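Notes follow the structure.
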Amino acid sequence: MSVKEMIKLNIDGADVETQRGKSILEAALDAGIYVPHLCHHPDLPPIGACRLCVVEVEGIEGLPPSCVTPAEDGMIVRTKTEKIDSMRRLAMELILAGHPADCGTCDKYLNCELQSLKQYLGCEDLSVKRRSKLLPLNTGNPLFVHDPNKCVVCGRCVRACHELRGVGVLFYIKKGKETLTGTAADLPLADSGCRFCGACAEVCPTGAIQDKKELARGKTRKAALIPCRYTCPAEIDVPRYIRFIKEKDYSAAAAVIREKVPFPGVLGYVCDRICEDVCRRSELNEPVSIRELKRFVAEHDEHRVWEGNSNKKSATGKKVAIIGSGPSGLTAAYYLSNQGHAITVFEALPFAGGMMRFGIPEYRLPRDVLDGEIRDVVNRGVEIKTGIKVDSIDALFEEGFHAVLVAVGTHKGQKLPVPGADNKRVLISIDFLREINLGHEVDIGNKIMVLGGGNVAFDCARAARRLGTGQVHLACLESREDMPASDDEISQGEEEGIIIHPAKSFTRILSESGVITGVEFLDVALLSFDEDKNPCIEVVKNSEHILEADTVIFAIGQRPEIPQGFGLDTGLGNLVIADSFSFSTSREGVFAAGDAVTGTSSVIKAIASGRKAAIATDRYLEGNGIIEEKLVAGPELEEVLGLEEGFAFMNRCEESCIPPEERVNSFCKVVRDIDEKTAAYEATRCLQCDLRMKITSVKFWGNY
Amino acid sequence: MDLEQIRAKAGLECDYPKDKNCIKVRVGASADHPASADVLNRFQQDIDRCGIKAKVIAAGSSGLYDFEPVVLIEKPGRPAILYRNITPETASELVNDYLSGDNPGPDLALCSIGGEKIDGIPDSGDMPVFNLQNRVALRNCGYIDPESINEYILCGQGYSGLSSVLQMNRMDVIGELKKSGLRGRGGGGYATAEKWKICHDTEAGEKYIICDAVDADPRARTARLLVESDPHFVLEGMLIGACVIGACRGFICVNSEYKTAIKRLRKALEQMRNYGLLGDNILDSDFKCDIEIKEIESSLVSGEETALIRSLENKQAMPYLRTAYPAVRGFDDKPTLINNVETLSHVSAIFQNSSAWYSGIGTERSRGTKIITLSGNVAHQYTVEVPLGTTLRTVVMNIGGGVLNGKGIKAVQFGGPTGRYFTGDSLDIPVDYETMNEAGGIMGSGTIEVYGSDSCAVEMARDVMAYLQAESCGKCVFCREGTYQMSDILNDIAENKGKPEDLNLLVKLGEGMKTGSICGLGRMAPDPVLSSIKLFRRDYDTHITEKRCSANTSH
């Protein structure tokens with residue numbers, strides 16, 4: 001790489017050094033000397049259109065624009081003279097003449113380069129005539145709003161689209177007497193081949209091109225612009241691993257995921273993918289199938305580059321006991337082990353995994369995937385002791401542990417004390433699932449009634465369906481639209497023959513000679529929840545009716561089981577009280593994470609909780625609490641996207657399952673895996689929202 | 001094939017140009033002329049029927065549109081006679097009277113050309129519309145069949161210029177061009193030899209030559225005339241240029257609306273290929289070159305070199321600020337010679353004759369001739385070619401016939417829509433580069449727009465500014481907003497809503513546009529209105545203070 005020659009020039013009496021090849025404007029701005037500019041942008045080729053940056057240079061006639069004039073050694077430049085001032089002012093007045101005068105109602109207020117320039121130059125009264133351009137506002141495109149009345153025709157968006165991104169859908173266009181920027185033939189962006197990368201909005205100096213406000217409401221800028229990454233509780237760098245998929249470097253993609261979570265495969269099967277709910281691609285057609293891509297990557301991680309690149313710190317001599325080997329416990333174990341602590345995980349059940357094994361049935365999460373990822377945690381140096389139920393935290397401290405993390409989850413289900421609930425065929429969800437997942441026989445009949453509308457209820461219903469030839473029904477308080485279970489659980493369940501009865505409130509369980517005959521229900525007219533999350537049910541009078549059943553499974557919610565011997569304060573629902581930042585409980589040196597603190601939630605939230613608890617615990621143990629690691633370099637950020645015809649219309653690859661008739665007879669995997677071609681296609685759909693964060697921010701004059 | 005062999009082959013295919021005994025009937029008209037085909041057919045039919053030894057040739061336009069279809073009849077032993085406004089009926093008359101008989105039909109004749117005078121027919125030498133012209137670039141236009149390379153080779157000195165150049169040292173060619181004094185006819189008037197030298201001197205693997213045949217000025221018909229009526233003259237000049245700078249690819253940029261011109265160009269290129277005048281080993285030398293046609297959507301700004309380059313690169317035709325001449329770094333960042341179509345025709349003329357001959361025409365500082373098109377409120381909207389140094393008044397009055405209906409001249413706008421106005425005594429200004437520049441004018445496209453004495457200067461300026469605002473590409477602030485503001489102000493003044501300060505504002509905006517615009521359109525857009533204020537202050541004051549139009553035109 002050649003060393004760039006340094007040259008020296010004089011600007012306003014001060015000597016300024018710069019590299020040969022830079023313009024006078026770049027030299028000045030780099031040296032902290034502010035020269036007003038509008039059409040100039042550090043990432044775009046200069047065009048000398050706005051003439052705000054004009055300077056006087058000894059030996060050059062007239063007022064050259066400093067953005068297009070190369071700096072030369074020995075140049076003498078003046079940036080503030082009467083002639084310059086008068087030209088600058090006229091240019092500014094001409095720009096302001098067509099721009100709306102009222103800044104107050106604009107969303108770009110105080111974040112607008114034009115407003116800042118106006119203040120700097122002190123232009124209030126114009127010597128030229130003002131006008132309203134009366135151009136139509138364009139809100140018809142997804143993601144972006146275009147208000148050509150605010151456009152100052154700086155051309156940055158055109159250059160960003162053509163030169164920076166290599167796409168080229170924006171042009172200078174004329175409507176009547178006005179010049180603005182837009183697509184050829186006024187086509188919608190999607191039809192023009194736009195990549196929706198947002199570079200135009202990022203470089204626009206005024207409020208002419210902006211992100212749609214509705215999409216950003218209540219979110220930080222990062223969460224609004226890269227929602228997948230910043231809505232993920234663990235902040236997995238989604239755009240980055242999708243980029244690796246495009247490059248067919250699946251092991252690198254897996255490494256990116258593992259920078260944040262130790263369970264890419266598990267999540268690839270069961271994550272509730274809130275990232276897809278906020279994916280900006282859904283504004284065009286459908287969100288990117290992020291979970292499908294994650295599963296694909298986990299299954300194709302041949303080289304396991306993450307393993308070699310993960311640095312385990314040297315032993316600190318500290319010991320941490322983690323109670324519970326579910327997602328939060330094992331995640332915390334992995335990261336704390338990396339920090340150099342000696343980790344022992346205590347698991348009451350015969351196998352590790354927590355809800356991943358004993359809640360989620362095998363047809364949703366193949367056991368070999370789970371076992372493999374648990375093994376990866378163990379191989380980092382984590383000891384898991386199964387079959388040991390911890391009753392006392394004091395005992396752990398006496399054993400020599402320096403800190404304890406309670407990650408016991410919510411494994412205690414409940415029955416409601418309705419009449420008839422004490423029959424042996426009235427089962428509790430969690431216990432039922434545990435028995436199945438342990439491989440034990442379960443005593444059920446032929447007409448199963450699952451009570452509950454969440455994912456656990458469906459786990460029970462679909463597992464029951466696989467156990468016998470009988471009918472499986474599911475009844476819940478919520479209406480069909482409000483059922484808390486995820487859409488794919490509901491639809492797959494129905495395909496498997498589960499009959500759903502929404503908006504039902506059960507009153508009692510009927511039996512004859514000790515055999516259950518049915519469940520009595522009332523229709524629900526209105527369901528709401530109070531601030532303690534207790535349901536307030538308004539029933540339809542005289543709507544009592546009975547649905548036949550010989551087995552009832554309650555799936556109405558779980559709580560943690562916290563032994564007295566822990567000595568921890570618990571609150572509503574028996575949840576452990578833990579500080580939401582420090583994860584510390586009422587007891588010094590004892591931390592809590594996962595469902596035990598939040599109540600039943602999701603695997604990814606539990607994992608994220610485990611991460612944060614690891615940070616807190618590490619700090620408590622006098623570590624630095626920095627668990628961030630870079631497991632792979634790259635990929636090279638390709639700023640040029642190119643035009644891809646029909647980009648906005650590429651359809652989402654949907655999750656596909658094996659036919660219901662095939663899957664109900666066993667606990668085999670339901671979901672079909674995508675192939676390489678589909679993965680490549682799906683990865684191409686990603687808008688790469690993170691690219692725009694790489695565009696240099698323009699400093700306002702107050703920052704010089 | 002070398003030129004001798006080509007001439008021999010051409011002679012075999014096209015014997016009549018040399019045949020002194022054959023009568024030649026040349027029917028000349030613009031491509032879109034409705035009647036010329038019928039006239040051609042009638043001549044052919046009648047000649048065949050009468051069995052006369054005569055050849056009917058479809059020629060292009062000569063620029064004297066009022067007389068079209070013109071017919072030039074060359075009968076052995078007689079001076080050539082030019083007939084005007086011929087119809088199929090009068091065509092039959094001519095065949096009967098003059099081709100079969102010996103009655104030259106003076107009633108139908110415009111003039112005779114050369115030789116002894118014929119009774120009743122004026123001599124072209126006595127007619128200003130002819131004797132004031134010196135047709136260098138337009139030499140063949142209206143006389144040869146533009147779709148015949150053979151005529152070009154046999155009737156003109158077709159490709160003899162290229163042949164000479166191929167036998168010369170390149171620097172000597174540039175030297176000859178310099179002696180000729182040729183200056184670019186695209187508007188800038190830059191010394192052509194110097195531009196060629198810069199391009200020649202720049203080392204590069206690839207170089208390009210571009211011929212601007214777009215007629216960016218809507219009033220101009222230069223490119224149309226040359227390409228429609230004598231495409232080979234232009235193409236020969238292109239090859240000469242390509243050879244000297246070392247380019248093997250040329251683009252001829254033609255106005256996409258000139259459908260016939262494009263068609264004739266395609267045919268011309270094909271004919272050139274058949275004679276080995278394109279491709280490898282042109283005229284048996286080691287020069288190789290090929291030329292492509294590029295259709296360009298014409299706009300005023302497409303006349304800017306940088307905008308034309310962008311257009312060829314398939315980008316928006318908008319000018320850009322360049323750090324080097326296109327001759328050094330142009331199309332695709334390679335050295336690119338851009339010459340106007342008229343310039344290249346002059347190049348052919350110079351190398352078919354001599355630089356001494358060429359430099360004998362015109363003035364001391366502006367050698368040669370200029371094609372001028374008259375438009376507006378003038379009796380004859382001709383395209384003619386006059387020696388540089390001819391005055392505006394001469395062209396407008398003696399060739400153009402003055403203002404329609406005998407009214408006086410209010411003013412003329414010279415050079416295109418960004419040119420200044422001339423009026424009264426200033427009409428005696430000679431048309432040459434230096435004098436024009438010193439007077440604050442431009443040569444530009446050489447068009448003259450004539451305004452009669454019943455025109456209002458404010459309305460003239462308003463209309464021109466409205467056009468310039470519409471043609472502004474919109475990239476730079478001063479041109480885009482400046483033309484908008486000026487247009488608004490002129491509208492107000494014309495509608496009697498102007499204020500005295502408006503004139504100061506126009507001057508201030510003009511200064512900004514002159515220094516702050518990226519290209520010539522913006523820099524020169526203020527010239528018409530500013531010159532109009534200087535020359536016709538009274539018109540402006542009347543509108544502003546008396547709230548009425550001194551020319552009494554309806555608004």
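In what follows, chains carry the letters A, B, and so on, assigned in the order in which the sequence lines appear, proteins first and then strands, with residues in each chain numbered from 1. All values derive from a computational prediction rather than experimental measurement.
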Exercise for the section: With a 4.5 Å cut-off on heavy-atom pairs, point out which of B:Cys473, B:Ser517, B:Gly512 contacts chain A the most. Expected result: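 Top option by heavy-atom pairs under 4.5 Å: B:Ser517.
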Handout entry: chain A interface, residue from B:Gly516, B:Gly482, B:Gly474 that has the most non-hydrogen pairs under 4.5 Å
Key = B:Gly516
Measuring heavy-atom distances to chain A, does [X] have an atom under 4.5 Å in its side chain, in its backbone, in both, or in neither?
X	value
B:Ile518	both
B:Gln485	side chain
B:Asn504	neither
B:Ser472	both

Practice task
Determine the minimum heavy-atom distance between A:Ile47 and B:Leu321, stating which atoms define it.
Solution key: O-CD1, 3.6 Å
Problem - Cation-pi check, B:Arg480 onto A:Tyr172 ring (under 6.0 Å, within 45° of axis) - result: no
Practice task
Please say whether more than 12 non-hydrogen atoms of neighbouring residues, nucleotides or ligands are located less than 6.0 Å from CD in B:Glu546.
Solution key: yes
Handout entry: Between A:Pro70, A:Ala49, A:Gly62, A:Gly48, the one whose heavy-atom pairs under 4.5 Å with chain B are most numerous
Key =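 So the answer, after comparing A:Pro70, A:Ala49, A:Gly62, A:Gly48, is A:Ala49.
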Practice task
For A:Lys177 and B:Asp488, run side-chain contact (heavy atoms from CB on, under 4.5 Å): C-alpha distance rounded to whole Å, both residues' side-chain angles, the deciding distance at 0.1 Å, then the answer.
Solution key: CA-CA 11 Å; A:Lys177 286 175 86 173; B:Asp488 251 10; 3.9 Å; yes
Exercise for the section: Measure the shortest side-chain to side-chain distance between B:Leu509 and A:Val128 over non-hydrogen atoms and say whether it is less than 4.5 angstrom. Expected result: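 Result yes, sub-4.5 Å side-chain heavy-atom pair found.
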Problem - Contact check, side chains of B:Ile489 and A:Lys129, non-hydrogen atoms, under 4.5 Å - result: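 Not touching, per the 4.5 Å side-chain cut-off.
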Exercise for the section: Test side-chain contact (heavy atoms from CB on, under 4.5 Å) on B:Thr515 and A:Leu63 and set out the steps. Expected result: CA-CA 7 Å; B:Thr515 39; A:Leu63 295 171; 5.7 Å; no
Measure the [atom1]-[atom2] distance between [X] and [Y] for me, rounded to the nearest 0.5 Å.
X	Y	atom1	atom2	result
A:Leu94	B:Cys476	CG	SG	11.0 Å
A:Arg51	B:Phe478	CZ	CZ	8.0 Å
B:Glu511	A:Ser86	CD	OG	8.0 Å

Completion exercise
Bottom line for A:Val152: the part with an atom under 4.5 Å from chain B's heavy atoms is backbone
Completion exercise
Bottom line for A:Pro64: the part with an atom under 4.5 Å from chain B's heavy atoms is neither
Handout entry: A:Ser127 side chain to B:Lys508 side chain, donor-acceptor N/O pair below 3.5 angstrom
Key = yes
Exercise for the section: Kindly indicate, with the supporting measurements, whether the criterion salt bridge (Lys or Arg N to Asp or Glu O under 4.0 Å) is fulfilled by A:Arg131 and B:Glu481. Expected result: CA-CA 11 Å; A:Arg131 68 182 187 273; B:Glu481 303 295 331; 3.2 Å; yes
Problem - Check against side-chain contact (heavy atoms from CB on, under 4.5 Å), A:Val68 and B:Thr323 - result: CA-CA 8 Å; A:Val68 291; B:Thr323 44; 6.0 Å; no
